[in-house]
Amino acid sequence: MASVLLILLSTVLVNIIAMQSASRWRPFAALDDCFAAARGLAIASLLAIPILSVSSWLLFHHVLQPRSLGYLRTPAFAALLLAVVPLVELVLRRYSRLVPERPGFALLLATNSMLLGVALLASERWRQWLDALAFSLAAAAALGFLLLAFAAMHERLRQADVPEVFRDLPLSLITAGIMALAFMGFTGLIQEGS
Amino acid sequence: MPFATEAAPHVVAPNSVGRVMRTVLYALAPVVILHWVFFGPGLAIQILLGTATALLAETLALRLRRKPLAPFLGDGSAILTAVLLALCLPPLAPWWLIVTGTAFAVLLAKHLYGGLGANPFNPAMVGYAVLLVSFPVQLLHWLPPQLASEHAGLSLAETLSTIFTGSLPPRLSWDAITSPTALEALRTNLKMGMTMGEAHQFASQERSAWLWIDLAIAAGGVWLLAARIIRWHIPVAMLGAIAACASIMYAIDPGSYAGPIFHLTSGASLLGAFFIATDPVSAATSDRGRLVYGAGIGVLTYVIRTWGGYPDGVAFAVLMMNLSVPLIDRYTIPRIYGHAR
Amino acid sequence: MIVAILVMGGLMALAALSTRAAARQALARQASTREALIERLDALLPQTQCGRCTYTGCRPYASAIAQGEADTNQCPPGGARTATALAQLMGQPAKPVDPHYGVVRDTAWVAWIDEPACIGCTKCIQACPIDAIVGASRYMHTVIAAHCTGCELCIPPCPVDCIEMRPAPPGVSA
Amino acid sequence: MATHADVRRNAKAQAVLLVAVAALVSFGLAGLAQITRERIARNAQAWMQQHLEVLIPAALHDNDLLADTITVIAPDSLGTAQPVTVYRAWRAGIPTAVAIRSIAPDGYRGPIELLVAIRYDGTLLGVQVLRHDETPGLGDAFEKREPHWLERFRGLSLSNPPQQRWSVKRDGGDFDAFTGATITPRAIVTALRRTLEYYQRHRQRLFRDPPADAVAGAAADFERTVAPAAWHSSASGHR
Amino acid sequence: MNASTPARLDSGFGPTVQLLASCPLLAASDTVVKALGLSLALAFIVPTTILSARMLRPWLHEDNRLPAAMMLLAGTTACVERSFQAWLPGLGESIGIFLPLIVANLIIVEHSLEHSAAAAADWRKSMVIAAGMAATLLILGVAREWVGRGSLLHDAGRLFGPWAGALETTIFRVDMGFLLAMLPPGAFISLGLLLALRNWLARRSMTPRTPHRP
Amino acid sequence: MNRSPTGAAAPAAILAYGGLRLSAHKQASTARPLRVASAAQHYVLPLDQHAGAPSTPRVRPGDRVLAAQPIAAPGGALSAWLHSPVSGTVSAIEPRPAPHHHGAPTLSIVIANDGREQRVEPRASVSFEQLAARELCQHIGHGGIVGLGGAAFPTDAKLLGSQLEGGPHLLLNGTQCEPYISCDDMLMRERAQDVILGARILLHALDARHCTIALEEDTPQAEQALRAALSRCHDERVRLKVVPSIYPAGGERQLISAVFGVEVPFDALPAGIGVVCHNVGTAAAIAHWIRDGQPLISRIVTVAGDGVHQPCNLEARLGTPITTLIDDCGGYTPRMTRLILGGSMMGSAMPLDTLPVTKSTHCVLAATALDLRSRTQEMPCIRCGRCSQACPALLLPQQLHWSIQAGDQNALARYGLMDCIECGCCDYVCPSQIPLVERFRDAKTLLSRTQAEDQAAVAARTRFETRQARLAQLEAQRRAKLAEKRQRLGGRPQP
Ligand SMILES: Cc1cc2nc3c(=O)[nH]c(=O)nc-3n(C[C@H](O)[C@H](O)[C@H](O)COP(=O)(O)O)c2cc1C
Ligand SMILES: Cc1cc2nc3c(=O)[nH]c(=O)nc-3n(C[C@H](O)[C@H](O)[C@H](O)COP(=O)(O)O)c2cc1C
Ligand SMILES: Cc1cc2nc3c(=O)[nH]c(=O)nc-3n(C[C@H](O)[C@H](O)[C@H](O)COP(=O)(O)O)c2cc1C
Ligand SMILES: Cc1cc2nc3c(=O)[nH]c(=O)nc-3n(C[C@H](O)[C@H](O)[C@H](O)CO)c2cc1C
Ligand code: SF4
Ligand code: SF4
Ligand code: SF4
Ligand code: SF4
Ligand code: FES
């Protein structure tokens with residue numbers, strides 16, 4: 001569980017840092033504020049990750065495992081992801097006011113999906129595709145919440161009088177550390193819940 | 001005749017940050033005194049240790065950040081952080097525990113973010129959570145009240161030597177003198193398969209001392225409310241949420257869940273509601289935001305202490321809601337006069 | 001092994017398909033996306049139409065930014081505020097206005113016509129992009145200070161050099 | 001000859017290229033899988049073997065423990081609703097011991113996976129913790145801080161100490177807990193008692209089927225252990 | 001080989017990207033052994049994928065850069081995972097679930113790289129990247145394991161084979177170390193402190209250059 | 001938007017709107033009866049002492065003027081008449097330091113008093129009931145009447161702008177929530193009948209049916225006086241309403257909320273919800289003008305504070321130097337440190353005391369250390385929320401403060417900086433001693449400038465596009481003509 005938490009927070013950090021500091025990875029066109037972009041990414045992740053999780057569950061349990069192709073897990077997941085991410089991009093561009101930008105959006109969403117995918121696949125205890133769906137929904141929701149919270153926090157931290165050497169990245173990491181500390185409170189809970 | 005000018009208003013209330021923090025410290029004084037009466041001088045020593053560390057750490061941080069020392073050392077916020085942290089630790093905890101925790105609180109959680117007023121996380125709770133996840137064993141050495149204990153209470157010298165050497169006087173052993181907190185006892189007993197009635201009985205042996213202390217905390221809280229240092233929103237929302245969760249679960253299965261009274265009077269519920277969740281710096285801003293914030297802390301506290309791995313959830317709940325504060329603030333900007341909702 | 005190759009190949013074919021679909025959609029919407037971006041950039045510009053950015057007006061400059069041809073720090077009338085907003089919208093670090101394109105004034109300036117000297121040639125009227133000068137042929141011309149944006153375009157055409165820039169009267173913010 | 005640019009612009013060619021990459025990758029991977037399959041199977045066996053060897057001395061068996069397994073399902077006794085693997089030891093065709101991959105479901109932070117070896121007569125040969133997630137520094141004392149704690153169980157049985165004393169001292173039993181951690185020891189002790197009880201009740205049926213063919217077993221893939229058809233513990237209900 | 005290489009490397013792979021790339025790997029930096037194992041994997045995966053991506057680049061449309069790179073990465077990673085399982089089973093067991101994270105990291109790295117003209121330059125570049133990530137991991141691993149449990153290379157014997165058992169070092173023996181360092185919060189906080197330290201060193205090395213008034 | 005609150009009998013809701021209970025410090029000045037200020041030698045009358053455009057002088061230096069003679073006419077649509085307070089000669093029309101410019105000079109008419117107290121022939125008193133509402137409003141304008149509550153908004157403009165269908169509800173503001181200021185209290189105690197008459201004139205001018213005079217609970221004598229005057233004239237339309245003494249209950253919008261239980265929308269004037277609010281002093285001035293033909297040439301000024309020997313209320317002619325008022329009150333005490341025009345919360349500190357009384361001068365506060373409580377060391381905001389609790393505009397001053405520090409103008413707009421009424425409540429309570437109002441004032445200037453710039457850009461763009469369209473049309477016409485001509489000449493039309 002600890003690693004799921006770590007991965008989740010790393011994912012959030014990667015997103016926020018990428019959106020903040022690398023213009024070519026901007027996920028959305030004409031969105032000047034980090035919070036709005038984070039919201040867009042949260043929506044995209046909420047779309048992509050459950051789809052991916054269910055489809056990969058079906059793939060593993062009905063295609064790969066019966067044929068002893070377990071070793072294809074990672075590349076097969078990657079290929080599925082590569083099919084789903086552009087679809088999400090398509091849907092967002094058509095049905096929402098968000099305008100996904102070409103390399104950035106796919107890159108970040110692929111990263112998110114891969115990272116969360118790893119976290120989800122790490123535990124092989126989903127016996128039903130419904131389990132996988134439920135867990136991925138929860139994970140995507142957690143990711144979305146953390147993204148928004150972190151983006152909002154980031155905006156607040158921008159105004160603070162932070163010591164020079166800690167400005168930006170180090171402080172973001174320490175914030176993530178304290179967030180992880182907070183979520184340590186859930187240890188034991190998730191185990192027993194599942 | 002020329003006069004010096006200044007911007008309006010020309011009068012301000014005779015108030016200061018130091019006065020606010022000191023008021024909170026005074027409100028905590030009865031708690032500390034009662035603690036001494038029931039549990040011996042351990043807490044007082046911890047507070048002294050914590051205060052010294054806090055002031056040292058504050059001085060160090062201010063020096064490094066090239067800020068003036070006098071106004072910030074005098075504001076009392078670091079001392080308050082140390083005192084609140086000390087209140088969360090077992091009175092006989094080894095000295096390095098409070099020192100480490102306070103240093104983390106002041107240096108990492110406060111000054112890295114820009115010092116007084118800028119920290120998004122409650123420093124004392126960061127310090128406590130660091131200690132709890134790092135040194136869970138040491139945090140379990142709670143004492144039974146002196147009066148109830150068959151051993152004579154520890155003398156001041158014995159307490160000091162225990163805190164500084166980490167080992168008890170030879171006549172005692174940890175297993176003999178420590179007793180789990182009520183929450184811990186309840187959890188353990190339920191896990192052992194006791195019925196709720198038995199578990200309660202077991203858990204409530206040493207509760208009267210704690211009830212007195214709770215009373216002191218509540219009195220301090222009410223005083224802070226009257227002094228307008230805190231407002232009702234956070235305590236009411238937090239305690240209300242805990243009570244609501246506890247009542248619902250108790251109604252569903254009184255055999256495995258304790259009732260609201262137990263939850264309100266055990267663990268750090270009251271201390272949290274009046275002194276910790278109310279830390280203005282890391283709490284939500286508007287009244288509505290503070291209701292959400294307090295209720296969130298209450299629900300999370302209940303969830304963590306009932307189903308989670310750690311004995312009490314206040315610290316984690318506070319930190320989790322701290323991280324949601326900017327988000328809450330974003331969605332709870334109050335209606336401005338003359339504007340529609 | 002054959003199955004492995006088939007499965008992976010099939011999945012990848014799906015991926016290629018959906019990537020292509022998304023790319024085509026992006027391409028099809030490129031024009032309208034760009035148009036929307038230009039519109040938002042244009043809305044950030046001061047609309048002085050002075051051309052100091054080296055483009056023929058504010059909108060052309062906006063579209064140049066959107067194309068990636070122009071930098072976000074070329075509009076002196078907009079000053080730091082415009083430059084920052086443009087950079088933010090483009091997801092770039094903010095830069096101060098490049099003095100190469102002109103100085104940034106911190107108070108509003110407007111054109112002022114020395115009316116006795118004016119010969120009524122109407123050249124300035126033709127130059128003013130926002131019709132801020134009134135007057136008829138061979139009659140005295142006047143700048144309507146409330147409308148004037150201070151673009152200085154009317155100054156070069158005047159054959160008798162009777163126009164000069166002056167601080168805006170109170171209540172006028174160009 | 002198509003230039004790079006031609007290929008870059010041609011959609012079909014691009015798709016083919018991507019599929020080719022995928023095919024290549026899977027080809028390589030499949031090859032590697034082929035090469036490593038046996039080794040990996042052996043590694044897994046070796047891991048289990050190591051644990052088993054510690055618990056069941058060579059003197060006690062002449063069969064391949066890994067090859068002679070059965071799976072049972074007994075949620076109440078063995079702590080999991082999943083099938084549980086039982087390794088059987090025979091000497092000269094006479095049953096000598098079993099090792100049960102039992103689970104202590106009520107650890108402090110989740111289930112604790114155990115390997116419990118029991119002599120045919122019902123005394124404990126030993127216990128190993130295969131996997132756990134107990135609080136580092138607290139519940140994991142059996143690993144580092146009190147490494148002898150687990151050894152204490154060797155030679156005990158349901159009558160030694162008596163069944164009602166099979167609990168930690170705090171609950172009136174015979175066994176020490178760790179400093180500051182009672183839940184983990186309690187979970188392990190309880191799991192051991194339940195496993196012993198289960199063994200006592202089902203010993204006959206565990207050894208009902210004759211030993212598996214040693215030769216066939218050694219060659220078999222670990223994943224597809226030749227095992228008597230899984231049977232369900234009648235005492236503990238069905239799936 | 002020419003003087004511009006480091007500069008271009010910097011522009012493509014600055015500290016930010018390095019952080020982005022290291023972040024997901026934090027999960028495997030709690031002990032030196034895990035960090036070593038992951039570094040080992042990186043040392044193989046980074047050059048392999050970057051060089052093969054480089055070979056494919058001229059043929060690929062911009063849109064297909066991501067899919068191709070991702071597939072290469074996933075395949076290589078799976079190979080490494082499989083190899084670990086076969087030849088270093090202990091290590092495979094303990095870092096197995098983290099290996100696929102490398103795919104996510106390296107996608108970012110690959111995307112921020114400008115391929116250079118000479119294959120050798122690319123190879124060097126990829127080795128520098130792998131070394132950078134490995135260094136981060138190792139420093140973190142040493143710091144976290146040391147502070148967290150007072151040992152170094154704990155479990156090396158079990159994971160790398162008996163020969164490595166001799167490397168296990170116990171620096172101090174207490175009931176337990178500062179557990180925080182081993183847990184997720186410790187991962188982030190240590191990396192944050194590490195970065196701050198780097199900033200501080202960088203700033204210090206900058207200062208002497210400005211003329212010093214007596 | 002014409003929600004008339006006339007019938008609303010909502011309870012005083014002001015506690016829902018923050019505010020502070022401050023100690024009033026009014027006993028010292030109300031203990032002494034209202035007096036007339038001594039005459040001065042020179043009277044200085046700034047031409048822009050009201051809201052709107054400056055007035056245009058009607059006299060020249062050297063002209064002789066009589067008291068109550070118009071000396072300046074409205075200088076625009078929104079402007080006011082100005083009358084000479086005394087008889088004498090115009091000695092100069094030149095920039096003189098003025099209180100509303102913090103002592104900076106502004107164009108003023110200076111009249112040298114000849115001490116003869118000659119007055120223009122008072123016009124025959126007008127029977128206001130005979131006049132149509134509009135005529136009455138215009139007539140009020142000729143009296144130079146502006147709002148005496150502080151903003152000096154020309155009353156005729158306000159009245160004309162509030163001519164509503166069915167008549168608005170007239171609210172007379174008799175509260176004076178700011179510490180030290182007691183001029184309205186004194187006025188109501190001593191001249192209650194003037195206030196009531198003014199109310200009836202205003203009712204007529206607005207064609208209104210109801211008038212509420214709002215009073216604070218700590219002015220019982222004024223209430224008694226008003227009740228007595230009311231019972232004498234038996235006007236059923238006029239009622240009294242007592243509101244809690246909470247600063248800033250006297251603010252127009254806050255008062256409306258307290259009295260009627262409704263809010264004035266941020267983008268509307270009170271008339272938008274059917275209320276017109278006037279100060280009681282304004283009403284009394286109107287009564288003087290209509291009944292006695294006396295234009296606005298004097299007003300009541302409170303001289304208060306520990307810095308004068310005998311604090312009291314003085315009826316002072318416009319243009320009287322403040323030094324004269326101070327002398328009337330026995331001069332400065334040795335402790336005098338700061339001269340404030342207005343109360344302790346919103347008044348401005350003046351660098352000199354030679355400034356003249358203007359139409360908006362309601363209080364001269366000669367403050368000493370006893371009256372002032374200066375800031376100590378400013379500390380960072382600890383987000384304690386005291387400020388937002390106190391804010392009558394329901395803002396979050398702490399967030400405004402943060403956004404100012406961050407230079408985030410969007411956030412400032414979102415948090416409603418422009419709705420701040422600069423009352424100073426937040427500043428007063430802040431434990432961190434942050435000079436919030438000062439910061440807000442500066443930020444407001446900045447924000448309104450950027451907002452004005454944005455509006456200007458939109459306007460320029462519209463004008464530019466109109467011009468482009470026009471040029472394009474002209475060009476099209478020219479081409480069409482050319483083509484037509486070519487065709488007529490037999491040439492082929494151009495491709
Ligand atoms: C953070 C934390 C983690 C704990 N982890 C464990 C654990 O892993 N195993 C365990 O048996 N007890 C653990 N405990 C202790 C139990 O909560 C409980 O207090 C203890 O088992 C009671 O035993 P005692 O009577 O020896 O104190 C933990 C306590 C805390 C505060
Ligand atoms: C028709 C009409 C228009 C008004 N226009 C303005 C205006 O543009 N600006 C203004 O400050 N006050 C205006 N007022 C006056 C306000 O309602 C208010 O009385 C005045 O600003 C003084 O209020 P204060 O002393 O509370 O600031 C107007 C009033 C009326 C009736
Ligand atoms: C914070 C604040 C406090 C005010 N206090 C008073 C007051 O105590 N008495 C008063 O008559 N006007 C006060 N005013 C002015 C009123 O809002 C309003 O302008 C006046 O009552 C309108 O009447 P007038 O146009 O006749 O001046 C205050 C304004 C503000 C913004
Ligand atoms: C009512 C109140 C409660 C406080 N609670 C805490 C607390 O729980 N933890 C803490 O570190 N500081 C607390 N402080 C002190 C202070 O706000 C804190 O150190 C700041 O977070 C430092 O910036 C409190 C202060 C007040 C006024
Ligand atoms: S410099 Fe600025 S104002 Fe002038 S035309 Fe260019 S964009 Fe418009
Ligand atoms: S008057 Fe001159 S300076 Fe003003 S807008 Fe027109 S052309 Fe520009
Ligand atoms: S009163 Fe002062 S310290 Fe308190 S929240 Fe407001 S601005 Fe901050
Ligand atoms: S000055 Fe502005 S922000 Fe402060 S209390 Fe008054 S209205 Fe609110
Ligand atoms: S000719 Fe018109 S202004 Fe010069």
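Heavy atoms only: backbone and side chains are in, while hydrogens, waters and symmetry mates are out. Residue numbers start from 1 in every chain, and the chains themselves are labelled A, B, ... in the order their sequence lines are given, proteins ahead of strands.
Across every non-hydrogen atom of E:Ala86 and D:Thr36, the tightest pair is CB-CG2, 3.6 Å.
Screening D:Leu18, D:Val21, D:Leu17 for a side chain to side chain contact (heavy atoms under 4.5 Å, CB included) with E:Pro67, the sole residue that qualifies is D:Leu18.
Of all residues in residues 76-83 of chain E, those placing a non-hydrogen atom less than 4.5 angstrom from a non-hydrogen atom of chain D are E:Ala78, E:Cys79, E:Arg82, E:Ser83. By a heavy-atom distance cut of under 4.5 Å, D:Ala22, D:Val25, D:Leu29, D:Leu32, D:Ala33 are the residues of residues 22-33 of chain D near chain E, going up by number.
Rounded to the nearest 0.5 Å, atoms CH2 (E:Trp59) and CG (D:Asn10) are 12.5 Å apart.
Residue D:Arg9 qualifies as open at atom CZ: its count of foreign heavy atoms under 6.0 Å is 12 or below. Counting heavy-atom neighbours within 6.0 Å of D:Glu151 CD, excluding the residue itself, gives a total above 12.
Side-chain contact between E:Leu60 and D:Gln14 is present, with at least one heavy-atom pair separated by less than 4.5 Å. Taking the side chain as every heavy atom from C-beta outward, E:Trp87 and D:Asn43 never approach each other to under 4.5 Å.
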